[in-house]
Number of protein chains: 2
Amino acid sequence: MVIPHSAESRYTKPVLVAVNKPLDEEDGLEKLRSHALFRSLKAHDLDHLIQQSRRLRLGHHQLLYRQDRPAHHFFFVISGRLRLYRLDSSGIDRTLDSIAPGDCFAEVMIYADPPRYACYAEALKSSEVLMIPVKAYQELLNQHPEYAQAALRHYAMRAVTRFHDLEIMTVQSARDRLIRYLIDLLPNGGQESGEVELPLPKCLVASRLAMQPETFSRILADLKANGLVRVNRSKLFISDPQRLIAISQ
Amino acid sequence: MVIPHSAESRYTKPVLVAVNKPLDEEDGLEKLRSHALFRSLKAHDLDHLIQQSRRLRLGHHQLLYRQDRPAHHFFFVISGRLRLYRLDSSGIDRTLDSIAPGDCFAEVMIYADPPRYACYAEALKSSEVLMIPVKAYQELLNQHPEYAQAALRHYAMRAVTRFHDLEIMTVQSARDRLIRYLIDLLPNGGQESGEVELPLPKCLVASRLAMQPETFSRILADLKANGLVRVNRSKLFISDPQRLIAISQ
DNA sequence: TTGAGTAGTTGACTTAACTCAATTATTCGC
DNA sequence: GCGAATAATTGAGTTAAGTCAACTACTCAA
């Protein structure tokens, strides 16, 4: 599936707009402080890191960075939502992840010299991110090696998350992949009923799950017809996750 | 697909056999020294770590560790080959990775308390591994925080590798997933022709690529009939990777 | 508020991949 | 080296999911 807007953004230089207002509590400073990567940092060190960072505003569908370009920064999402995707030689767009406020991201091929981004990152709606220089963070780690522990744990966890994503994708039927994807969106891993919001537009969830939008739509319609989910735009109410899990086998 | 031997090993306590012979140059000590996680270590520190580790021999299909069990060790492969897989509630076995001599592994859910393995690990043939206590490695990092840099890079790279694996799995056609998998096995990323050896038996490569063994066999037969690959047991000769890439779009 | 463009749905038809079954190779322990 | 067990291949029939097309429902920007 070729997504028009991303094919277009491929040829658009990202013009990044800085926001000069400093980060305040309402802007997610609290979320930043409590992020796994930063919560072990002394206030003074975190402040210094923030001072070396820039706050950016991204418009709807605006490109933040490109696959294979040198990666001098990583990012913290203040507001909005982004998606990570890769393009292959035929221009097919594969959505691989979505990023919510409070997340920190940038898949970087760290052994390349210079390190390069492993994917494109694009805002799904108007968003704000904090652009943190890798160098500044590395200097901080050099000065305070005890901080590296948190970074190590963060990356180890990320590797396991991707490993889990990979497991879902080895499920052969489109229907079962979708069910497992929905269950994973539920807070307690499907122990109790709940409402989930799709982190991506439906056509991109379909891309993420290696199926056509039509197939996604039909599977969801079928689950709805069987009383397994109630659908309201991008919000899905799952009344009985266990029943959903049961039919996926 | 339920793989008989793994369903069986599920109920078999892994009886790990220690090898008392110390690691020597022929046993992959050189490979261990040059591994990304260890090459920055001073000889003395690495020796101490090895002394705290145990060398294990694994028989064909022997289970090394189980998903969700406490993870007190990680592993370095001296010889043989292992696979990582997960089992779901219906007993379906999903092969997610294979591990070769010289690799270091253990996907660990590090935020769990205690940390737990994120998958099963099993020897594909008789193998030897070095079982390294996580505690010993962590103590080493505490004493020499500069070593954490290497670990951080290793995990960051692992996350990117899994991200790339995920990308392949978002390819919708079984044929194209197989082609991309083969291209990735080639040394230069498909720039030049070469022979690749499947790191897993064909039925497990099929599982890894979310297809049936029959489908795998038919696709390979078709590629062979079109002169795109020459097949000799688990060795495949790919004479023109670019042509293979071209037909996968 | 309107209209253009994108996203989502549904139907009809086609095809890739699955399933089941039978047969042939391989592997590995004895 | 033999024989049982597992892995791989091939055929035939079925089905899930893709494709193409038409239509509807949003969204966003002028």
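Here the structure is a predicted model, which means the values were calculated and not measured.
Two residues, A/Phe216 and B/Arg218, neighbour DNA chain D, and the one matched to the more 5' nucleotide by heavy-atom proximity is B/Arg218. Take the nearest nucleotide of DNA chain C for B/Lys125 and for B/Asp176: the residue whose nucleotide is more 5' is B/Asp176.
Residues B/Glu197 and B/Lys235 are paired through a salt bridge, judged by an N-O separation under 4.0 Å between the basic side chain and the carboxylate.
Proximity of B/Lys202 to the phosphate of D/dT9: a side-chain N or O atom is located under 4.0 Å from OP1 or OP2. The phosphate of D/dA17 (OP1 or OP2) has no side-chain N or O of B/Gln172 nearer than 4.0 angstrom. A/Ser217 has a side-chain polar atom (N or O) that falls below the 4.0 Å cut-off from OP1 or OP2 of C/dT9.
As rounded to whole Å, 13 Å separates atom C1' of C/dA17 from atom CG of B/Asp222. Rounding to whole angstrom units, CG of residue A/Leu178 and P of C/dG8 are separated by 14 Å. Rounded to an integer number of Å, the gap from CD1 of B/Ile219 to C1' of C/dT15 is 14 Å. Spacing between atom CG of A/Leu198 and atom C1' of C/dA7 amounts to 13 Å, rounded to whole angstrom units. Across the protein-nucleic acid pair, A/Gln212 atom CD and C/dA17 atom P stand 12 Å apart, rounded to whole Å. When the C1' atom of C/dG8 is taken as reference, atom CG of A/Leu236 falls 14 Å away, rounded to whole Å. Nucleotide C/dC30 holds its C1' atom 16 Å from the NE2 atom of B/His60, rounded to whole Å. At whole-Å resolution of the value, CZ in A/Arg175 and C1' in C/dA17 are 18 Å apart.
The side chain of B/Ala221 approaches D/dT10 more closely than any other nucleotide in the set D/dT10, C/dG8, C/dA12. Distance from the side chain of B/Arg233 is smallest to C/dT26 among C/dT26, C/dG29, D/dA21. Considering only the side chain of B/Met211, C/dC18 comes nearest among C/dC18, C/dG29, D/dA17. With distances taken from any side-chain atom of B/Ala174 to the nucleotides D/dT9, C/dA17, D/dG18, the minimum falls on C/dA17. In this structure, the nucleotide among C/dA7, D/dT19, D/dA8 sitting nearest to the side chain of B/Cys203 is D/dA8. With D/dT19, D/dA17, C/dC18 as the candidates, the nucleotide lying closest to the side chain of A/Ser173 is D/dA17.
With sequence neighbours excluded, no residue satisfies ring-ring contact (aromatic ring centres under 6.0 Å, His included) with A/His164.
Judged by distance alone with a 3.5 Å cut-off, a donor-acceptor contact links the side chain of B/Glu214 to the base of C/dC20.
Between B/Tyr117 and B/Phe75, the angle of the ring planes lies from 30° to 60°, which puts this pair in the tilted group.
By the 4.5 Å heavy-atom criterion applied to side chains, B/Leu58 and B/Lys125 are not counted as neighbours.
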Apply salt bridge (charged side-chain N to carboxylate O under 4.0 Å, His left out) to residues B/Asp97 and B/Arg162 and explain how you reach the verdict.
CA-CA 10 Å; B/Asp97 202 1; B/Arg162 299 279 178 234; 3.1 Å; yes
